[in-house]
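First the structure, in the form of structure tokens, and then the observations on it.
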Amino acid sequence: MATPAPDRWKPSLLKKWGSLQSTQPSPTMHPSLSVDLVSFATEHIKFLQAVHVRAKQSLYKGPALEAAIREYTEWLPCLDRMLRGEQSVSVPPLSVSWVWHLHKLDPTAYHQDCIAAFGRVLEASEGFNPFHFELTDADGQPDEDEYPISAIVAVTADLVGCARRQSSFLWQVSGPEYADAAFLERAQERYVKFLRLSAKFPG
């Protein structure tokens, strides 16, 4: 269960959820999918680039990563309240977005940790960009007293190990083809075919 923690987050950075919603249909969304994987792939790469170049200290290991993990465990209750409509939406700092991304890369642990702390799995609302973040200062680290929070969530995922494994992923998707929408649309089509095959021949 979540344990009490001091309020340390500034309401000044809070933004309305509506400002983060997509209002236009995406031309690259596959009709068989509920999300636009082409746009998400592009945003994912931009997100990884921001993680790599923004922070003066590496978010892949060391004190900066440890601080980001602490901030993330304080931010999750804030996300829970946002999703319940109990407070305005805050765009997380880059460091917190990074750790949230790492946590969700272990879906079993993320599910278990959310259920233990909140009784449900916390997912971004439909239309919310999962790679949206706030650049708060030169380090890409959140300032103190950033969002109003009231608890710290216990995380069972190996976030340090996941950050280490993800440290080289950017280079695997840095080729020019990953900036080519046509290439990504073909990849999305192949993925849809894979899903259909998996449904037809389970196991």
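For V121, the side chain to side chain contact (heavy atoms under 4.5 Å, CB included) partners two or more places apart in sequence, or in a different chain, are Y110, H111, I115, E123. For E185, the side chain to side chain contact (heavy atoms under 4.5 Å, CB included) criterion is met by T28, V38, A181, not counting sequence neighbours. Under the salt bridge (Lys or Arg N to Asp or Glu O under 4.0 Å) criterion, K46 pairs with E43, sequence neighbours left out. Partners of D113 according to the side chain to side chain contact (heavy atoms under 4.5 Å, CB included) rule, which considers only residues two or more places apart in sequence or in another chain, are H103, A109, V155, T156.
A distance of 11.0 Å separates CG of L76 from CZ of R81, quoted to the nearest 0.5 Å. To the nearest 0.5 Å, the span separating OH on Y72 from CG on L79 amounts to 8.0 Å. Here the NE2-CG distance, from H52 to L48, works out to 10.5 Å after rounding to the nearest 0.5 Å. The distance from the CD atom of E86 to the SG atom of C78 is 11.0 Å, given to the nearest 0.5 Å. Atoms CG and CG, on L159 and L102 in that order, are 6.0 Å from each other to the nearest 0.5 Å. Atom CZ of R70 sits about 11.0 Å away from atom OG of S95, to the nearest 0.5 Å.
Classified by interplanar angle (parallel below 30°, tilted 30° to 60°, perpendicular above 60°), the ring pair Y60/W98 is perpendicular.
Contact detail for V160 and L65: the closest heavy-atom pair is CA-CD2, 4.0 Å. When every heavy atom of F183 is checked against every heavy atom of E177, the shortest pair comes out as CD2-O, 3.1 Å.
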What do the steps show when you test W75 against M82 for side-chain contact (heavy atoms from CB on, under 4.5 Å), and what is the final call?
CA-CA 11 Å; W75 175 79; M82 294 177 211; 3.7 Å; yes
Yes or no on side-chain contact (heavy atoms from CB on, under 4.5 Å) for E66 and K61, after CA distance, side-chain angles and deciding distance?
CA-CA 8 Å; E66 293 170 3; K61 61 181 180 179; over 6 Å; no
Stepwise side-chain contact (heavy atoms from CB on, under 4.5 Å) check, R120 with R84
CA-CA 11 Å; R120 63 184 183 131; R84 294 181 186 277; 3.3 Å; yes
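Taking 4.5 Å as the limit, some side-chain heavy atom of V51 sits within range of a side-chain heavy atom of L94. P77 places a side-chain heavy atom less than 4.5 Å from the side chain of V153.
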Acceptor/donor pairs from residues 163-175 side chains to any protein atom, 3.5 angstrom cut, sequence neighbours excluded:
residue, atom, partner, partner atom, Å
R165, NH1, G161, O, 3.4
S167, OG, R164, O, 2.6
S174, OG, L170, O, 2.5

Tell me which donor-acceptor pairs under 3.5 Å the side chains of residues 190-203 have, and how far apart each pair is, sequence neighbours excluded?
residue, atom, partner, partner atom, Å
R196, NH2, S32, OG, 2.9
S198, OG, F194, O, 2.9

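For the pair Q188 (side chain) and L37 (backbone), a donor-acceptor distance under 3.5 Å is present.
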